[in-house]
Amino acid sequence: MEGAEWPEPVVRVQSLSESGGATIPERYVKPEAERPALVAAESEAEGGGGREGIPVVDLSSPCDPETARAVSEACREWGFFQAVNHGVPGELLRRARGVWRGFFHQPMEVKQRYANSPVTYEGYGSRLGVEKGAVLDWGDYYFLHVRPPHLLSPDKWPHLPHELRETTEEYSREVAALCGRLMAAMSLGLGVGEARLQEAFGGAEGTGVCVRVNYYPRCPQPELTLGLSSHSDPGGMTVLLADDRVRGLQVRHRGAWVTVDPVPDAFIVNVGDQIQVLTNAAYRSLEHRVMVNADEERLSVALFYNPKSDLPLAPMPELVSPERPPLYRPMTFDEYRLYIRRKGPRGKSQVESLKATAAAGHR
Ligand code: OGA
Ligand code: NI
(Lines give C-alpha, C1' and ligand atoms only; values in the text may rest on other atoms or scores of the structure.)
(Ligands and ions follow the chains in the order given, each with its own letter.)
Protein backbone atom coordinates (compact mmCIF):
# COMPACT_ATOMS: atom_id res chain seq x y z
CA MET A 1 0.00 0.00 0.00
CA GLU A 2 1.28 3.45 -0.91
CA GLY A 3 2.53 5.45 2.05
CA ALA A 4 2.14 2.60 4.56
CA GLU A 5 5.66 3.20 5.86
CA TRP A 6 8.05 6.11 6.14
CA PRO A 7 10.20 6.66 3.04
CA GLU A 8 13.44 6.57 5.05
CA PRO A 9 14.57 5.06 8.36
CA VAL A 10 13.20 7.15 11.21
CA VAL A 11 15.74 9.07 13.28
CA ARG A 12 14.63 10.37 16.67
CA VAL A 13 15.56 14.01 17.14
CA GLN A 14 15.94 13.31 20.84
CA SER A 15 18.68 10.75 20.04
CA LEU A 16 20.49 13.24 17.82
CA SER A 17 20.28 15.84 20.55
CA GLU A 18 21.50 13.49 23.26
CA SER A 19 24.42 12.27 21.14
CA GLY A 20 25.93 15.69 21.91
CA GLY A 21 27.26 16.58 18.44
CA ALA A 22 28.17 20.22 17.85
CA THR A 23 26.44 20.36 14.45
CA ILE A 24 23.08 19.17 13.14
CA PRO A 25 22.80 16.76 10.20
CA GLU A 26 22.25 18.35 6.78
CA ARG A 27 18.70 16.94 6.70
CA TYR A 28 17.62 19.49 9.31
CA VAL A 29 19.22 22.59 7.79
CA LYS A 30 16.54 24.89 6.39
CA PRO A 31 16.95 27.02 3.28
CA GLU A 32 18.22 30.44 4.29
CA ALA A 33 14.88 32.23 3.75
CA GLU A 34 13.15 29.94 6.26
CA ARG A 35 15.67 30.16 9.08
CA PRO A 36 14.64 31.96 12.25
CA ALA A 37 16.19 35.35 12.96
CA LEU A 38 17.23 34.45 16.49
CA VAL A 39 19.32 37.54 17.15
CA ALA A 40 16.54 39.93 16.14
CA ALA A 41 14.02 38.07 18.30
CA GLU A 42 16.26 38.33 21.36
CA SER A 43 17.03 42.01 21.02
CA GLU A 44 13.34 42.66 20.48
CA ALA A 45 12.55 40.88 23.72
CA GLU A 46 15.15 42.91 25.59
CA GLY A 47 13.78 46.08 24.06
CA GLY A 48 10.54 45.30 25.85
CA GLY A 49 7.63 47.74 25.58
CA GLY A 50 5.46 48.50 22.61
CA ARG A 51 5.84 45.10 20.97
CA GLU A 52 2.57 43.92 19.55
CA GLY A 53 1.56 40.42 20.56
CA ILE A 54 -1.42 38.17 19.95
CA PRO A 55 -4.57 39.39 21.76
CA VAL A 56 -5.47 38.14 25.24
CA VAL A 57 -9.14 37.25 25.73
CA ASP A 58 -10.80 36.79 29.11
CA LEU A 59 -13.28 33.89 29.04
CA SER A 60 -14.63 34.25 32.59
CA SER A 61 -18.12 35.03 31.20
CA PRO A 62 -18.23 32.88 28.07
CA CYS A 63 -21.90 33.63 27.27
CA ASP A 64 -21.46 37.37 27.55
CA PRO A 65 -21.85 39.31 24.26
CA GLU A 66 -18.65 41.18 25.13
CA THR A 67 -16.74 37.87 25.21
CA ALA A 68 -18.16 36.90 21.80
CA ARG A 69 -17.09 40.28 20.46
CA ALA A 70 -13.54 39.90 21.77
CA VAL A 71 -13.22 36.32 20.46
CA SER A 72 -14.61 37.34 17.09
CA GLU A 73 -12.29 40.32 16.78
CA ALA A 74 -9.26 38.17 17.63
CA CYS A 75 -10.33 35.56 15.03
CA ARG A 76 -10.75 38.22 12.35
CA GLU A 77 -7.60 40.23 13.06
CA TRP A 78 -5.18 37.50 14.05
CA GLY A 79 -6.69 34.03 13.97
CA PHE A 80 -4.71 33.52 17.22
CA PHE A 81 -5.26 34.60 20.82
CA GLN A 82 -4.40 33.69 24.39
CA ALA A 83 -7.37 32.59 26.47
CA VAL A 84 -7.28 33.42 30.19
CA ASN A 85 -9.85 32.45 32.86
CA HIS A 86 -10.80 29.59 30.55
CA GLY A 87 -12.13 27.34 33.31
CA VAL A 88 -9.59 24.49 33.01
CA PRO A 89 -7.75 24.14 36.34
CA GLY A 90 -4.08 25.12 36.34
CA GLU A 91 -3.33 21.98 38.32
CA LEU A 92 -4.59 19.84 35.39
CA LEU A 93 -2.41 21.77 32.95
CA ARG A 94 0.66 21.04 35.08
CA ARG A 95 -0.28 17.37 35.37
CA ALA A 96 -0.74 17.08 31.60
CA ARG A 97 2.72 18.57 30.95
CA GLY A 98 4.18 16.39 33.68
CA VAL A 99 2.94 13.03 32.36
CA TRP A 100 4.11 13.80 28.84
CA ARG A 101 7.53 15.00 29.98
CA GLY A 102 7.59 11.68 31.79
CA PHE A 103 6.81 9.83 28.57
CA PHE A 104 9.58 11.51 26.55
CA HIS A 105 12.11 11.01 29.33
CA GLN A 106 11.72 7.22 29.28
CA PRO A 107 14.39 5.05 27.65
CA MET A 108 14.27 5.03 23.86
CA GLU A 109 13.33 1.34 23.62
CA VAL A 110 10.15 1.99 25.62
CA LYS A 111 9.10 4.83 23.33
CA GLN A 112 9.95 2.85 20.19
CA ARG A 113 7.17 0.37 21.01
CA TYR A 114 4.76 3.10 19.99
CA ALA A 115 6.51 4.10 16.75
CA ASN A 116 3.93 5.49 14.34
CA SER A 117 3.34 5.07 10.62
CA PRO A 118 1.96 7.52 8.07
CA VAL A 119 -1.29 5.52 7.74
CA THR A 120 -2.92 7.11 10.80
CA TYR A 121 0.00 8.99 12.40
CA GLU A 122 -1.04 7.66 15.81
CA GLY A 123 1.86 7.05 18.16
CA TYR A 124 5.45 8.25 18.55
CA GLY A 125 6.63 10.15 15.48
CA SER A 126 9.49 12.25 14.19
CA ARG A 127 8.32 13.60 10.85
CA LEU A 128 5.28 15.05 9.14
CA GLY A 129 5.08 14.20 5.44
CA VAL A 130 6.35 11.22 3.45
CA GLU A 131 8.42 12.85 0.71
CA LYS A 132 11.76 11.17 0.32
CA GLY A 133 14.68 13.52 0.90
CA ALA A 134 12.55 16.25 2.54
CA VAL A 135 14.23 18.68 4.95
CA LEU A 136 13.07 17.61 8.42
CA ASP A 137 12.03 19.51 11.54
CA TRP A 138 13.88 19.41 14.87
CA GLY A 139 11.13 17.77 16.91
CA ASP A 140 9.55 14.49 17.97
CA TYR A 141 5.87 14.14 18.82
CA TYR A 142 3.12 11.85 20.02
CA PHE A 143 -0.20 11.84 18.17
CA LEU A 144 -3.49 10.39 19.44
CA HIS A 145 -7.14 10.24 18.43
CA VAL A 146 -9.46 10.90 21.35
CA ARG A 147 -12.84 11.30 19.62
CA PRO A 148 -15.07 10.09 18.06
CA PRO A 149 -14.96 6.95 20.19
CA HIS A 150 -14.56 4.55 17.26
CA LEU A 151 -11.24 6.20 16.37
CA LEU A 152 -9.76 5.82 19.84
CA SER A 153 -7.35 2.87 19.79
CA PRO A 154 -6.22 2.03 23.33
CA ASP A 155 -3.23 0.04 22.07
CA LYS A 156 -1.76 3.23 20.59
CA TRP A 157 -1.74 4.98 23.96
CA PRO A 158 1.40 4.79 26.11
CA HIS A 159 1.11 2.50 29.12
CA LEU A 160 3.62 4.52 31.11
CA PRO A 161 3.83 6.75 33.05
CA HIS A 162 0.87 5.23 34.90
CA GLU A 163 -1.15 8.42 35.19
CA LEU A 164 -0.71 9.32 31.52
CA ARG A 165 -3.94 7.81 30.19
CA GLU A 166 -6.24 9.05 32.85
CA THR A 167 -4.67 12.50 32.82
CA THR A 168 -4.81 12.76 29.03
CA GLU A 169 -8.46 11.67 29.02
CA GLU A 170 -9.37 14.18 31.71
CA TYR A 171 -7.37 16.90 29.98
CA SER A 172 -9.01 16.20 26.59
CA ARG A 173 -12.47 16.16 28.10
CA GLU A 174 -11.96 19.54 29.77
CA VAL A 175 -10.31 21.16 26.77
CA ALA A 176 -12.90 19.76 24.34
CA ALA A 177 -15.61 21.29 26.56
CA LEU A 178 -13.73 24.60 26.38
CA CYS A 179 -13.70 24.24 22.57
CA GLY A 180 -17.49 23.88 22.70
CA ARG A 181 -17.71 27.20 24.58
CA LEU A 182 -15.33 28.84 22.14
CA MET A 183 -17.34 27.56 19.17
CA ALA A 184 -20.46 29.21 20.63
CA ALA A 185 -18.63 32.53 21.12
CA MET A 186 -17.14 32.33 17.61
CA SER A 187 -20.58 31.61 16.19
CA LEU A 188 -22.23 34.54 18.01
CA GLY A 189 -19.44 36.78 16.80
CA LEU A 190 -20.35 35.91 13.21
CA GLY A 191 -23.93 37.06 13.77
CA VAL A 192 -25.33 33.54 13.37
CA GLY A 193 -26.93 31.39 16.11
CA GLU A 194 -24.59 30.19 18.84
CA ALA A 195 -24.96 26.53 17.78
CA ARG A 196 -24.39 27.21 14.10
CA LEU A 197 -20.66 26.55 13.83
CA GLN A 198 -20.92 23.32 15.84
CA GLU A 199 -23.75 22.26 13.57
CA ALA A 200 -21.58 22.95 10.52
CA PHE A 201 -18.94 20.67 12.13
CA GLY A 202 -21.51 17.85 11.95
CA GLY A 203 -22.79 18.26 15.52
CA ALA A 204 -21.04 17.42 18.78
CA GLU A 205 -21.32 13.67 18.05
CA GLY A 206 -19.20 13.65 14.92
CA THR A 207 -16.62 16.18 16.10
CA GLY A 208 -13.06 14.89 16.09
CA VAL A 209 -10.57 15.47 18.90
CA CYS A 210 -6.89 14.66 18.46
CA VAL A 211 -3.91 15.45 20.64
CA ARG A 212 -0.40 16.11 19.43
CA VAL A 213 2.27 16.44 22.09
CA ASN A 214 5.32 18.18 20.66
CA TYR A 215 8.76 17.54 22.12
CA TYR A 216 11.55 19.81 20.91
CA PRO A 217 14.95 18.66 22.20
CA ARG A 218 17.88 21.03 22.68
CA CYS A 219 19.55 21.89 19.41
CA PRO A 220 23.25 22.74 18.94
CA GLN A 221 22.53 25.01 15.92
CA PRO A 222 19.09 26.52 16.47
CA GLU A 223 19.78 29.31 13.97
CA LEU A 224 19.78 26.82 11.09
CA THR A 225 16.57 24.91 11.72
CA LEU A 226 13.00 24.95 13.06
CA GLY A 227 11.18 22.72 15.54
CA LEU A 228 8.13 22.87 13.31
CA SER A 229 8.09 24.55 9.90
CA SER A 230 5.59 27.19 8.95
CA HIS A 231 2.06 25.85 8.57
CA SER A 232 -1.54 26.64 9.33
CA ASP A 233 -3.46 23.99 11.24
CA PRO A 234 -5.58 21.97 8.81
CA GLY A 235 -8.45 21.25 11.24
CA GLY A 236 -11.16 23.30 12.92
CA MET A 237 -9.58 24.95 15.94
CA THR A 238 -6.45 24.30 18.00
CA VAL A 239 -5.97 24.82 21.73
CA LEU A 240 -2.29 24.80 22.62
CA LEU A 241 -0.78 24.39 26.04
CA ALA A 242 2.63 25.96 25.57
CA ASP A 243 5.73 25.18 27.61
CA ASP A 244 5.64 27.01 30.94
CA ARG A 245 9.27 28.16 30.74
CA VAL A 246 10.57 28.11 27.19
CA ARG A 247 9.29 30.29 24.35
CA GLY A 248 9.43 29.17 20.73
CA LEU A 249 6.10 29.67 18.97
CA GLN A 250 5.97 32.40 16.33
CA VAL A 251 3.00 33.60 14.29
CA ARG A 252 3.21 35.41 10.96
CA HIS A 253 1.18 38.57 11.27
CA ARG A 254 1.11 40.93 8.28
CA GLY A 255 4.28 39.33 6.96
CA ALA A 256 6.34 39.64 10.18
CA TRP A 257 7.17 36.80 12.59
CA VAL A 258 5.89 37.63 16.07
CA THR A 259 7.11 35.55 19.03
CA VAL A 260 4.35 34.51 21.43
CA ASP A 261 4.96 35.23 25.09
CA PRO A 262 2.68 32.76 26.88
CA VAL A 263 0.68 34.11 29.81
CA PRO A 264 1.03 31.62 32.72
CA ASP A 265 -1.85 29.09 32.77
CA ALA A 266 -3.37 30.52 29.57
CA PHE A 267 -4.18 28.54 26.44
CA ILE A 268 -3.16 29.66 22.98
CA VAL A 269 -6.17 29.27 20.70
CA ASN A 270 -6.03 29.41 16.93
CA VAL A 271 -8.37 29.19 13.97
CA GLY A 272 -7.71 26.25 11.65
CA ASP A 273 -8.27 26.03 7.91
CA GLN A 274 -11.72 24.40 8.25
CA ILE A 275 -13.09 27.39 10.19
CA GLN A 276 -11.61 29.67 7.56
CA VAL A 277 -13.50 27.68 4.91
CA LEU A 278 -16.80 27.52 6.85
CA THR A 279 -16.74 31.24 7.65
CA ASN A 280 -15.81 32.16 4.07
CA ALA A 281 -12.61 33.72 5.45
CA ALA A 282 -14.33 36.00 8.01
CA TYR A 283 -12.07 34.12 10.46
CA ARG A 284 -8.67 33.18 9.14
CA SER A 285 -6.08 30.62 10.02
CA LEU A 286 -2.62 32.08 10.53
CA GLU A 287 0.77 30.65 9.63
CA HIS A 288 2.91 29.74 12.59
CA ARG A 289 6.17 27.92 13.29
CA VAL A 290 8.37 26.86 16.18
CA MET A 291 11.96 27.88 16.96
CA VAL A 292 14.23 25.66 19.01
CA ASN A 293 17.13 26.61 21.25
CA ALA A 294 20.49 25.38 22.43
CA ASP A 295 19.89 25.46 26.17
CA GLU A 296 16.51 23.98 26.90
CA GLU A 297 14.06 21.44 25.57
CA ARG A 298 10.47 22.52 25.04
CA LEU A 299 7.17 20.65 25.33
CA SER A 300 3.73 21.68 24.10
CA VAL A 301 0.36 19.92 24.02
CA ALA A 302 -1.88 20.74 21.05
CA LEU A 303 -5.52 19.66 21.04
CA PHE A 304 -7.18 19.75 17.62
CA TYR A 305 -10.94 20.16 17.49
CA ASN A 306 -12.08 19.05 14.06
CA PRO A 307 -15.27 18.77 12.02
CA LYS A 308 -16.81 15.39 11.27
CA SER A 309 -14.31 14.00 8.85
CA ASP A 310 -16.51 12.68 6.03
CA LEU A 311 -18.69 15.75 5.66
CA PRO A 312 -18.08 17.99 2.62
CA LEU A 313 -17.32 21.44 4.07
CA ALA A 314 -18.03 24.68 2.27
CA PRO A 315 -18.72 28.29 3.32
CA MET A 316 -21.92 28.59 5.39
CA PRO A 317 -24.76 29.99 3.23
CA GLU A 318 -25.36 32.83 5.74
CA LEU A 319 -21.87 34.14 5.04
CA VAL A 320 -22.17 34.02 1.28
CA SER A 321 -23.73 36.81 -0.80
CA PRO A 322 -23.46 38.18 -4.34
CA GLU A 323 -20.82 40.61 -2.98
CA ARG A 324 -19.03 37.84 -1.17
CA PRO A 325 -19.24 34.66 -3.25
CA PRO A 326 -18.00 31.37 -1.77
CA LEU A 327 -14.22 31.43 -1.72
CA TYR A 328 -13.73 27.68 -1.35
CA ARG A 329 -15.02 24.58 -3.02
CA PRO A 330 -16.39 21.80 -0.78
CA MET A 331 -14.00 19.16 0.52
CA THR A 332 -14.16 16.65 3.37
CA PHE A 333 -11.62 16.95 6.19
CA ASP A 334 -10.52 13.34 5.53
CA GLU A 335 -9.48 14.39 2.05
CA TYR A 336 -8.05 17.75 3.14
CA ARG A 337 -5.74 16.41 5.84
CA LEU A 338 -4.01 14.04 3.40
CA TYR A 339 -2.17 17.02 1.97
CA ILE A 340 -0.17 17.90 5.12
CA ARG A 341 0.21 14.20 5.91
CA ARG A 342 1.89 13.60 2.55
CA LYS A 343 3.72 16.85 1.91
CA GLY A 344 4.46 18.04 5.43
CA PRO A 345 4.04 21.61 6.71
CA ARG A 346 3.94 24.15 3.84
CA GLY A 347 2.59 27.46 5.05
CA LYS A 348 -0.95 28.18 3.86
CA SER A 349 -0.53 26.67 0.41
CA GLN A 350 -3.35 24.17 0.76
CA VAL A 351 -6.18 26.48 1.77
CA GLU A 352 -4.95 28.89 -0.91
CA SER A 353 -5.18 26.16 -3.53
CA LEU A 354 -8.82 25.46 -2.63
CA LYS A 355 -9.47 29.11 -3.23
CA ALA A 356 -7.91 29.27 -6.65
CA THR A 357 -10.06 26.36 -7.77
CA ALA A 358 -13.25 27.97 -6.52
CA ALA A 359 -12.44 31.25 -8.24
CA ALA A 360 -11.72 29.45 -11.51
CA GLY A 361 -15.05 27.62 -11.20
CA HIS A 362 -16.88 30.93 -10.83
CA ARG A 363 -15.61 32.51 -13.98
C1 OGA B 1 1.11 22.34 16.17
C2 OGA B 1 1.81 23.58 16.57
C3 OGA B 1 3.10 24.81 18.20
C4 OGA B 1 4.01 24.59 19.36
O5 OGA B 1 1.30 21.31 16.89
O6 OGA B 1 0.38 22.37 15.17
O7 OGA B 1 1.72 24.54 15.85
O8 OGA B 1 4.32 25.58 20.03
N9 OGA B 1 2.52 23.60 17.72
O10 OGA B 1 4.43 23.46 19.59
NI1 NI C 1 0.15 24.29 14.42
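One-based numbering, in listed order, for ligands and for the atoms of each. Count residues from 1 along the sequence.
- What sits closest to atom 5 (O) of ligand 1 on the protein, heavy atoms only, is Asn214 ND2, 3.1 Å.
- The shortest non-hydrogen separation linking Ala294 to Pro222 is N-CG, 3.8 Å.
- You'll find the ring centres of Tyr216 and Trp138 outside the 6.0 Å limit.
- Residue, atom and distance of the protein heavy atom nearest to atom 8 (O) of ligand 1 are Arg298 NH2, 3.0 Å.
- Side chains of Tyr121 and His145: a donor-acceptor N/O pair is absent below 3.5 angstrom, by distance only.
- Remark: side-chain polar atoms of Gln276 are paired, donor with acceptor, to backbone N or O of Ser285 under 3.5 angstrom.
- Only protein N, O or S atoms were scored, and 3 of them lie under 2.8 Å from the Ni ion (ligand 2).
- Ligand 1 lies less than 4.0 angstrom from a heavy atom belonging to Tyr216.
- Proximity to Ser300 (heavy-atom distance under 4.0 Å) selects the following atoms of ligand 1: 4 (C), 8 (O), 10 (O).
- Looking only at heavy atoms of the protein, atom 1 (C) of ligand 1 is closest to Leu228 CD2, 3.7 Å.
- There is no side-chain donor-acceptor pair under 3.5 Å between Ser232 and Glu287.
- Under the 30°/60° scheme for interplanar angles, the aromatic rings of His86 and Phe267 are found to be tilted.
- Within the 3.5 Å criterion, the main-chain N or O of Val13 finds no donor-acceptor partner in the side chain of Ser17.
- Remark: the Tyr336 side chain and the Asp273 side chain contain an N/O donor-acceptor pair separated by less than 3.5 Å.
- Contacts of Leu240 with ligand 1, taken as heavy-atom pairs under 4.0 Å, involve the side chain alone.
- Aromatic rings of Tyr215 and Tyr141 (six-membered ring for Trp) have centroids beyond the 6.0 Å cut-off, not under it.
- Looking from atom 3 (C) of ligand 1 to the surrounding protein, the closest heavy atom is Val290 CG2, 3.6 Å.
- The closest approach between a heavy atom of His231 and any atom of ligand 1 is below 4.0 Å.
- Of the N and O atoms on the side chains of Lys343 and Gln350, not one donor lies less than 3.5 Å from an acceptor on the other residue.
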